[in-house]
Amino acid sequence: MANSESRLGRRYLIDTHIIDAADAASERLWELHDGGWIQLCRSDAMDTELLDRADERHRELLLNRSAEIVEVLGVGVVGHSRVGHMVVGSDEESKDWDELWELMWPNADRSSTSRTNRTRIRDAMHVLTAARYAYDGFVTKDRGVLAASSAVRARFGLWVVSPFDLLPHLERLIGRWDQRRFEDDR
C-alpha cells in the first residue's frame, strides 16, 4: 500500500523527535504506517530541524528516514523555512499564527533568538501545518506542546496527542475494521 493511503483513512503529522523515537508506542506507530494502517507525514519544518543536527552521520540517517514520508508544506516563517519548502501565508493565517503562539506559549517573546525559542517557533510551525491541512492529529512527546492540547483542539480542531495516547485509539479502530471485515466475509 502506498504511503499516501491508509486503511483507516487517518493522517498524522509527526514531531521531529518521532522520526527516530525508540519507545514502544512510537515504534508501533511506525509499524502501523509501514503496514498501511495510518499515514505518518512531516511538515517542512522537520528537515529544517534535522539540518541543525551537529552529528553529520546521524543527520543524514534522519534526513533519509524523513524522506520516506510525505512532506507537507506549511506557511513560511522567516529564518525558519527553506525556500521551495513552504507556502506564502494569507492575512488570516498570520492571525492564526498569532493566536496559536499565545495558546502554546503565552507571553513568550517570539523575537528572541534563543535555542528554546527557535524550538518553540518550529513546534508552532508543525502544529499550524497540521491544522491548516486538517490532519487527524499532531503526534509529539513534547510536554510543552502537549500542555496546550486542549486549547489547540478548541480553537483549531486539531488533536495534539502523544504516541502513548494515540496508540490505544488506533488499536480500537483497527479492531473495529477487522470486525467489519470478518462480518463482511460471513
Side-chain angles (χ1 to χ4, degrees), residues 3-50 52-53 58 61-63 65-72 74 77 80 96-97 99-106 108 115-178:
N3 283 343
S4 61
E5 304 169 6
S6 75
R7 282 181 234 161
L8 295 178
R10 304 297 168 127
R11 304 173 311 149
Y12 298 94
L13 206 73
I14 59 171
D15 205 346
T16 302
H17 57 266
I18 302 296
I19 198 79
D20 66 338
D23 62 272
S26 296
E27 288 179 353
R28 178 67 176 139
L29 290 179
W30 281 107
E31 289 172 10
L32 293 175
H33 169 80
D34 293 340
W37 288 101
I38 62 172
Q39 182 185 27
L40 298 179
C41 301
R42 63 187 165 101
S43 79
D44 57 282
M46 179 182 286
D47 283 359
T48 303
E49 289 181 308
L50 293 176
D52 285 346
R53 299 284 172 101
H58 192 232
L61 177 77
L62 296 177
L63 285 168
R65 178 78 191 255
S66 77
E68 295 173 6
I69 60 176
V70 172
E71 178 183 49
V72 183
V77 176
H80 298 275
D96 288 346
W97 174 264
E99 273 187 70
L100 179 65
W101 185 267
E102 284 304 313
L103 290 174
M104 292 177 73
W105 298 285
R115 181 182 174 108
T116 298
N117 207 52
R118 187 172 66 236
T119 299
R120 286 177 177 166
I121 289 170
R122 292 175 182 170
D123 283 338
M125 291 169 69
H126 293 307
V127 171
L128 199 56
T129 300
R132 183 179 204 261
Y133 295 104
Y135 271 71
D136 294 297
F138 175 65
V139 183
T140 185
K141 294 190 295 182
D142 185 309
R143 285 187 225 141
V145 177
L146 289 167
S149 179
S150 295
V152 170
R153 185 129 191 200
R155 167 56 183 90
F156 294 96
L158 178 69
W159 188 21
V160 177
V161 62
S162 75
F164 314 103
D165 292 332
L166 177 57
L167 197 52
H169 170 74
L170 292 175
E171 298 293 0
R172 280 191 304 276
L173 291 176
I174 290 168
R176 289 184 201 146
W177 190 89
D178 283 340

Would you check if [X] and [Y] make a side-chain contact, meaning some heavy-atom pair closer than 4.5 Å?
X: V145; Y: H126; result: no
X: R155; Y: D96; result: yes
X: V152; Y: M104; result: yes
X: R42; Y: I19; result: no
X: I14; Y: I69; result: yes
X: T129; Y: F138; result: no
X: L32; Y: I174; result: yes
X: R122; Y: T16; result: no

Which value, rounded to the nearest 0.5 Å, describes the distance between [X] atom [atom1] and [Y] atom [atom2]?
X: L158; Y: R153; atom1: CG; atom2: CZ; value: 8.0 Å
X: I38; Y: R28; atom1: CD1; atom2: CZ; value: 9.0 Å
X: L170; Y: D165; atom1: CG; atom2: CG; value: 11.0 Å
X: D52; Y: E49; atom1: CG; atom2: CD; value: 8.0 Å
X: D47; Y: S66; atom1: CG; atom2: OG; value: 3.5 Å
X: L128; Y: I121; atom1: CG; atom2: CD1; value: 13.0 Å

Check: H33/E68 side-chain N/O donor and acceptor closer than 3.5 Å: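 Checked: H33/E68 side chains show no N/O donor-acceptor pair below 3.5 Å.
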Does any N or O in the side chain of [X] come within less than 3.5 Å of the main-chain N or O of [Y], such that one atom is a donor and the other an acceptor?
X: H58; Y: R53; result: no
X: W37; Y: E31; result: no
X: R7; Y: W177; result: no
X: D23; Y: S26; result: yes

Which heavy atom of [X] sits nearest a heavy atom of [Y], and at what distance?
X: L29; Y: P163; value: CD1-CB, 3.7 Å
X: S162; Y: L146; value: N-CD2, 3.6 Å
X: A134; Y: R11; value: O-NH2, 3.3 Å

Verdict with supporting geometry, R132 and V72, side-chain contact (heavy atoms from CB on, under 4.5 Å): CA-CA 10 Å; R132 183 179 204 261; V72 183; over 6 Å; no
Residue pair V127, F156: steps toward the side-chain contact (heavy atoms from CB on, under 4.5 Å) verdict: CA-CA 10 Å; V127 171; F156 294 96; over 6 Å; no
Test log, rule side-chain contact (heavy atoms from CB on, under 4.5 Å), inputs K141 and I18: CA-CA 8 Å; K141 294 190 295 182; I18 302 296; 4.0 Å; yes
By side chain to side chain contact (heavy atoms under 4.5 Å, CB included) - contacts of A108 (at least two apart):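 Result, side chain to side chain contact (heavy atoms under 4.5 Å, CB included) vs A108: W101, W105, R120.
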With Y12 via ring-ring contact (aromatic ring centres under 6.0 Å, His included) - residues at least two apart: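 Listed in chain order: nothing, the list is empty.
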